[in-house]
There are 2 protein chains.
Amino acid sequence: MQTTISQYINNLFPQFEPALKQLLAEVATLKTFAAGEMMMETGQYFKSTVLIVEGRAKLYRQGEEGGEFFMYYLEPGNACALSLICATKQETSEVMAKALEDTTVLMIPIGMMDDLMKNYKTWYYFVLETYRTRFQELLEVIDGVTFKGLDERLMFYLTNQYKKLKTRQLSITHQEIATDLNSSREVISRLLKKMEQRGELSLQRNYIEWLK
Amino acid sequence: MQTTISQYINNLFPQFEPALKQLLAEVATLKTFAAGEMMMETGQYFKSTVLIVEGRAKLYRQGEEGGEFFMYYLEPGNACALSLICATKQETSEVMAKALEDTTVLMIPIGMMDDLMKNYKTWYYFVLETYRTRFQELLEVIDGVTFKGLDERLMFYLTNQYKKLKTRQLSITHQEIATDLNSSREVISRLLKKMEQRGELSLQRNYIEWLK
DNA sequence: TTTTAATGGTGACTTAGGTCACATCAACAC
DNA sequence: GTGTTGATGTGACCTAAGTCACCATTAAAA
């Protein structure tokens with residue numbers, strides 16, 4: 001009842017051409033991270049390119065004085081954009097990646113990158129598309145921080161959670177939100193309370209119901 | 001005495017393989033923008049991939065309410081990362097690009113991208129490297145806005161100017177700086193004054209001498 | 001059941017940065 | 001010279017957000 005590499009590839013990357021699927025099935029290996037485990041830390045070297053096939057991970061930036069700042073999630077079918085670029089150049093990671101649930105990834109040896117890129121058009125499209133979406137996501141992140149107040153950013157954050165998790169019942173603490181937004185718990189609590197008073201959500205312990 | 005396309009390519013992209021250089025020389029066209037002219041605006045379609053060969057352009061993000069936020073410069077030898085991604089997908093630009101000096105660019109029809117990417121290894125490396133550095137630059141930008149105060153960001157901005165322009169004499173107004181940092185003129189003036197008092201720079205009209 | 005630790009609420013205070021209203025001041029046209 | 005224009009200086013004030021101190025509630029561990 002365990003999913004094989006081929007099955008993962010067929011389900012999550014149907015657009016890959018048959019020869020590419022077969023090649024990946026041969027050279028890729030699976031690796032599993034427990035919920036909460038760090039998948040990548042700043043300064044670490046990439047040994048392989050990573051495709052998420054199960055679970056969910058969050059990518060965030062860490063400031064010098066220990067602050068954190070959430071960038072985006074990686075979900076099944078996503079590649080870690082940085083592992084695509086940095087792997088080929090023996091660069092180190094610029095971000096932290098943490099498994100939010102038990103997460104399984106497909107690891108492709110970095111030596112394969114050149115070959116894949118040159119010989120498999122669907123791979124090359126996949127890589128470009130990955131960059132494009134991540135770049136765009138970073139731009140949105142920048143917009144948020146530069147042009148919007150914390151209230152709007154919080155709203156955006158919650159909407160995003162709802163969209164990604166497909167449930168209005170979010171199991172999350174105020175502290176977690178504060179950390180992701182690089183703010184402080186009290187401020188987030190106050191803003192949430194205001195939103196509750198406006199009828200936009202309902203607050204319980206460890207739990208927020210999004211009503212919009 | 002006009003520089004030819006071949007000369008530009010040889011000078012600025014020596015790493016390209018001979019066949020690639022020759023191909024580009026055949027298909028690329030030159031376009032010139034006057035200082036101050038907009039090269040790309042948010043929402044516009046990409047008709048070609050753009051390589052800068054002369055001059056200097058700045059890329060910035062525009063907020064909904066008209067705010068601006070500087071991202072990075074494009075200089076001779078650089079490609080516009082977005083034109084590399086978006087061109088292939090018929091996407092529209094997410095950023096504004098403005099020529100700071102008279103700027104000449106090499107335009108490569110987007111139809112070529114697939115071919116270039118698949119058949120010219122040095123092109124493919126160039127594209128990846130472009131992404132990598134721009135992605136990194138965006139990460140730095142994010143760090144600045146989230147983890148640092150305006151004083152540090154201003155310092156970083158000036159250092160950057162100095163490095164890029166290779167002169168400590170910066171012809172720039174307080175207003176321009178404020179716009180780039182999405183701040184206000186008064187605040188920048190005050191911070192500059194403090195830096196002057198600390199002996200880090202000297203202020204004149206339309207002109208800042210960076211002493212560090 | 002008692003203890004402990006995590007979570008959330010709240011008021012008081014501080015601070016960075018934005019805004020407003022003017023006052024200067026240098027440069028250049030005339 | 002004189003006037004005009006854009007660049008800069010400055011004080012008063014406002015606001016979002018961070019910080020601190022402390023308490024109440026709940027859940028989980030012992």
Practice item. Give a yes or no answer on whether the side chain of D102(B) reaches the backbone of A34(B) with a donor-acceptor pair at less than 3.5 Å. Key: no

Review point. Closer to the 5' end of DNA chain D via nearest nucleotide, is it Q204(B) or L150(A)?
Key: Q204(B)

Check your understanding: Counting side-chain heavy atoms from C-beta on, which of dG8(C), dA21(C), dA12(C) comes nearest to S189(A)?
Key -> dG8(C)

Exercise for review: Run the numbers on R61(A) and E94(A) for salt bridge (charged side-chain N to carboxylate O under 4.0 Å, His left out), then give the verdict.
Suggested key: CA-CA 7 Å; R61(A) 189 91 166 128; E94(A) 302 276 334; 3.7 Å; yes

Review point. To the side chain of L203(B), which of dA17(D), dC20(C), dG9(D) is closest?
Key: dG9(D)

Practice item. Report the distance from atom CZ of R185(B) to atom P of dA21(C), rounded to the nearest whole Å. Key: 14 Å

**Study point:** Upstream residue (5' side of DNA chain C) when K193(A) and R205(A) are each assigned their closest nucleotide
**Key:** R205(A)

Exercise for review: Between dG9(D), dG9(C), dT19(D), spot the one nearest the side chain of H174(A), thanks.
Suggested key: dG9(C)

Exercise for review: Give the rounded distance in Å between these two atoms: CG of L191(B) and C1' of dG17(C).
Suggested key: 9 Å

Review point. What is the nucleic acid contact for T173(A), judged by heavy atoms within less than 4.0 Å: base, sugar-phosphate only, or nothing?
Key: sugar-phosphate

**Study point:** Length of the line joining L192(B):CG and dG17(C):P, which is rounded to integer Å
**Key:** 13 Å

Review point. Could you give the CG-to-P distance, from N206(A) to dT25(D), as a whole number of Å?
Key: 17 Å

Review point. Can you check the R153(A) CZ to dG18(D) C1' distance for me, whole Å?
Key: 13 Å

**Study point:** Residue from K58(A), K164(A), Q161(A) passing side chain to side chain donor-acceptor pair (under 3.5 Å) with Y73(A)
**Key:** Q161(A)

Exercise for review: Please state how far atom CE in M195(B) lies from atom P in dG9(D), giving the value in whole angstrom units.
Suggested key: 14 Å

Check your understanding: Does OP1 or OP2 of dG18(C) have a side-chain N or O of S183(B) closer than 4.0 Å?
Key -> yes

Review point. For I177(B) and dT8(D), what is the distance between atoms CD1 and C1' respectively, to the nearest whole Å?
Key: 12 Å

Point to revise | Minimum heavy-atom distance N182(B)-E68(B), with the two atoms named | key: CB-O, 3.2 Å

Review point. E54(A) and Y8(A): side-chain donor and acceptor closer than 3.5 Å?
Key: yes

Point to revise | Between dT19(D) (P) and E186(A) (CD): distance, integer Å | key: 8 Å

